Protein chains: 2
Amino acid sequence: MSRFKVGEMQVDAGTPLLMQGSNSPQLYTALEGMGLRSKVLPNGRRQVVNLVLPGDFVGLQAALMSEMGHSVEATTDMTLCVFNRSEMWNFIRENPKRAYSLTWIAANEESFLGDALATVGQRTALQSLAWAFAKLYQKGEALGLAAGGRMKLPYVQQDLADALGITTVHLNRVLKELRDRQIASWQDKVLNISDWHELTDMAMLESDHLPTRPLM
Amino acid sequence: MSRFKVGEMQVDAGTPLLMQGSNSPQLYTALEGMGLRSKVLPNGRRQVVNLVLPGDFVGLQAALMSEMGHSVEATTDMTLCVFNRSEMWNFIRENPKRAYSLTWIAANEESFLGDALATVGQRTALQSLAWAFAKLYQKGEALGLAAGGRMKLPYVQQDLADALGITTVHLNRVLKELRDRQIASWQDKVLNISDWHELTDMAMLESDHLPTRPLM
DNA sequence: CGAGACGTTGACTCGTCTCAACAGTGGTGG
DNA sequence: CCACCACTGTTGAGACGAGTCAACGTCTCG
């Protein structure tokens, strides 16, 4: 594995890592810090496709396709593990298990995006927010970034709003409702979930577990 | 390739092929006919994730993950090429090129879902519909299923509405607008595009070409 | 001939957007 | 050091897009 690692990279918050439409020679794995993937439409509106947490692989599209469908940027200082795109083919060829892993990652991502699509398409803003909080907390917990109902969430309201397909103004109102009803709050970059059951109920979460990877 | 093919299957319109949450032992490639992937929320609302056209691979999630995130059903009579899930690992191991192809398929799907997410999240109903028509026509053209601005689209309004995250009632109104403005119409299961330029303009399509697969 | 699925249209309601104002914060330059 | 500005979060009032409810027409099929 480390044969393919080119090095580590440190970037400041706000740094763009990959650009929509371009074709980077580098791929990354997030080690520390958080970021987001987004795409912007010609009319200037932005859709946040998903959030990047430690452990996430970034740039698979750049590796396989002629151009990236979205941009990736850091929202906090990040350290990333850097790979060379040109090694991708060797990476797959030399060990089928790794190829399997990559495919699993892509399929997993697809599965998540399907959920996100159902959220934006079928849930109300309140349900969407509950869904996002629940999903994030689940993932954070698995990564050891969350515990006791608390998790650091270093994003601005605009980021989450763009992810859920609503405006910051409305997100703010919905946040207030979740706060007033003592279900969850998100202030000073910290998510605080006080009523997990109510939250997941509101979110209409289908399964309470993250996708698991079957043994090969 | 044919070593992995178990056989062909014929199904009638309306037949479910894979069920959300289940774990089918079979995978398919669509040969003829059309279908759709969808997921339903606990409150009964349905999100159509995408449409299945000839050539599409169906069931990658079932193959790699413990359970399917969505269901797949046929909307017309279909013939499918059937593969055995248990052969998946051999399939990948024996030929890295095939592993690469699979990963490419998954990444491509992810890219599409990102677009769809941006559509549902950031576009108005009119723009969404234009986007869907344009995307479908592009794909149909590449498959030889569309020509001269015409393409068979054997779905009901409910299907498209669920794909775009709107109601049939509203879809109907928006269809009428597209018809009245002489941009495109969809009647009797046939899509008819009369003003491609206006349509793609309205859809805010970023690129006029389908994702291409780089040579390995 | 009746029942059900699909499409179409109207009137009204409701969720979300837009526009706007204001407060708190941190950064920058004079 | 402080005035200023940009960015973020918060809240209110009104507008608009899309949903809901309902009626009706057409078609297919038993």
Side-chain angles (χ1 to χ4, degrees), chain A residues 12-14 36 41 43-48 73 75-77 119-132 152-180 184-192 202 204, chain B residues 12-15 36 41 43-48 73-77 119-132 152-180 184-192 202 204:
Chain A
D12 291 339
L36 56 81
L41 271 55
N43 67 354
R45 301 192 57 142
R46 180 179 77 149
Q47 174 70 42
V48 168
E73 70 184 68
T75 55
T76 67
D77 293 353
T119 296
V120 174
Q122 309 299 335
R123 279 180 249 247
T124 66
L126 188 61
Q127 295 167 336
S128 293
L129 181 56
W131 176 85
K152 192 116 201 286
L153 223 52
Y155 298 93
V156 293
Q157 292 190 354
Q158 186 72 59
D159 295 332
L160 241 192
D162 286 349
L164 302 180
I166 61 179
T167 58
T168 56
V169 175
H170 197 55
L171 172 62
N172 197 299
R173 294 192 226 278
V174 176
L175 273 170
K176 181 175 165 60
E177 178 166 358
L178 232 41
R179 223 184 304 129
D180 290 350
S185 71
W186 178 40
Q187 281 167 323
D188 301 324
K189 314 287 188 203
V190 173
L191 169 65
N192 208 318
M202 182 179 286
M204 296 186 295
Chain B
D12 291 340
T15 309
L36 55 81
L41 272 55
N43 67 354
R45 302 192 56 143
R46 181 179 77 148
Q47 175 70 41
V48 169
E73 71 184 68
T75 55
T76 67
D77 293 353
T119 296
V120 174
Q122 309 298 334
R123 280 180 248 249
T124 66
L126 188 60
Q127 295 166 337
S128 293
L129 181 57
W131 176 85
K152 191 115 203 287
L153 225 52
Y155 298 93
V156 293
Q157 291 190 355
Q158 186 72 59
D159 295 333
L160 241 193
D162 286 349
L164 302 179
I166 62 180
T167 58
T168 56
V169 176
H170 196 53
L171 172 62
N172 198 299
R173 295 193 226 280
V174 176
L175 274 170
K176 181 175 165 60
E177 177 166 358
L178 233 40
R179 224 184 303 129
D180 289 349
S185 71
W186 177 40
Q187 281 167 325
D188 302 323
K189 315 284 188 205
V190 173
L191 169 65
N192 206 319
M202 181 180 286
M204 298 186 294

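Given the structure is predicted, the values throughout are model-derived calculations rather than measurements.
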Chemist: Can you tell me which nucleotide in C/dT8, C/dT16, C/dC17 comes closest to the side chain of B/Gln187?
Modeler: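 The listed nucleotide nearest to B/Gln187's side chain is C/dT8.
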
Chemist: In Å, rounded to the nearest 0.5 Å, how long is the span from CG of B/Asp188 to CG of B/Leu153?
Modeler: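 So the CG of B/Asp188 and the CG of B/Leu153 are separated by 12.5 Å.
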
Chemist: Would you indicate whether the side-chain heavy atoms of A/Leu129 and A/Glu177 approach each other to under 4.5 Å?
Modeler: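 SC-SC contact between A/Glu177 and A/Leu129 ruled out.
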
Chemist: Please confirm whether the backbone N or O of A/Ala184 pairs with a side-chain atom of A/Asn192, one donor and one acceptor, at under 3.5 Å?
Modeler: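 No, A/Asn192 side chain to A/Ala184 backbone: no donor-acceptor pair under 3.5 Å.
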
Chemist: Tell me: CG of A/Leu171 to P of C/dT18, nearest whole Å?
Modeler: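 Taking CG of A/Leu171 and P of C/dT18, I get 14 Å after rounding.
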
Chemist: The side chain of A/Thr167 lies closest to which of these nucleotides: C/dC17, C/dT9, C/dT16?
Modeler: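 Within the option list, the nearest is C/dC17.
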
Chemist: Between A/Arg173 (CZ) and C/dC17 (P), how many Å, whole number?
Modeler: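 Interatomic distance, CZ of A/Arg173 to P of C/dC17: 10 Å.
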
Chemist: Nearest of C/dT16, C/dG7, C/dT9 to any side-chain atom of B/Lys176?
Modeler: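 Selected nucleotide: C/dT9.
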
Chemist: Please work out if A/Thr168 contacts a base, only the sugar-phosphate, or nothing of the nucleic acid, heavy-atom cut-off 4.0 Å.
Modeler: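 The answer is nothing, as A/Thr168 stays clear of every strand by at least 4.0 Å.
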
Chemist: In whole angstrom, give the distance that lies between atom CG of A/Leu129 and atom P of C/dG15.
Modeler: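 Roughly 16 Å, once rounded to whole Å.
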
Chemist: Could you list the donor-acceptor pairs under 3.5 angstrom formed by side chains in residues 155-168 of chain B, with sequence neighbours left out?
Modeler:
from: B/Tyr155; atom 1: OH; to: B/Gly35; atom 2: O; distance (Å): 2.9
from: B/Gln157; atom 1: OE1; to: B/Asn172; atom 2: ND2; distance (Å): 3.2
from: B/Gln158; atom 1: NE2; to: B/Asp162; atom 2: OD1; distance (Å): 3.1
from: B/Asp159; atom 1: OD1; to: B/Arg46; atom 2: NH2; distance (Å): 2.8
from: B/Asp159; atom 1: OD2; to: B/Val156; atom 2: N; distance (Å): 3.3
from: B/Asp162; atom 1: OD2; to: B/Arg46; atom 2: NE; distance (Å): 2.7
from: B/Asp162; atom 1: OD2; to: B/Arg46; atom 2: NH2; distance (Å): 3.1
from: B/Thr167; atom 1: OG1; to: B/His170; atom 2: N; distance (Å): 3.3

Chemist: What's the NE2-C1' distance between A/His170 and C/dC19, to the nearest Å?
Modeler: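 The answer, rounded to whole Å, is 16 Å.
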
Chemist: When you measure from the side chain of B/Asn43 to the backbone N and O of B/Arg45, does any donor-acceptor pair fall under 3.5 Å?
Modeler: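 Judged by distance alone, yes, a pair lies under 3.5 Å.
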
Chemist: Categorize B/Gly165 for me: base, sugar-phosphate, or nothing, with a 4.0 angstrom heavy-atom threshold over every strand shown.
Modeler: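 Counting heavy atoms under 4.0 Å across all strands, the contact made by B/Gly165 is with sugar-phosphate only.
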
Chemist: Let me know the distance between CG of B/Leu175 and P of C/dC6, rounded to the nearest Å.
Modeler: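 For the pair B/Leu175 CG and C/dC6 P, the rounded distance is 16 Å.
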
Chemist: Side chain of B/Trp131, backbone of B/Met204: donor and acceptor closer than 3.5 Å?
Modeler: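 No; zero donor-acceptor contacts below 3.5 Å.
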
Chemist: I'd like the 5' and 3' limits of the part of DNA chain D contacted by chain B, with heavy-atom contacts below 4.0 Å.
Modeler: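 Using the under 4.0 Å cut-off, the span is D/dA18 to D/dC21.
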
Chemist: Return the value, rounded to whole Å, for the distance between atom CG of B/Asp162 and atom P of C/dG7.
Modeler: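 In whole Å, C/dG7 P and B/Asp162 CG are 12 Å from each other.
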
Chemist: What is the distance, to the nearest angstrom, from the NZ atom on A/Lys189 to the P atom on C/dG24?
Modeler: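 So the two atoms are 18 Å apart, to the nearest Å.
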
Chemist: Show your working on side-chain contact (heavy atoms from CB on, under 4.5 Å) between B/Leu41 and A/Gln122 and close with a plain yes or no.
Modeler: CA-CA 8 Å; B/Leu41 272 55; A/Gln122 309 299 335; 4.1 Å; yes

Chemist: Nearest-Å distance, CG (A/Asn172) to C1' (C/dA21)?
Modeler: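 Rounded to the whole Å, the gap is 14 Å.
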
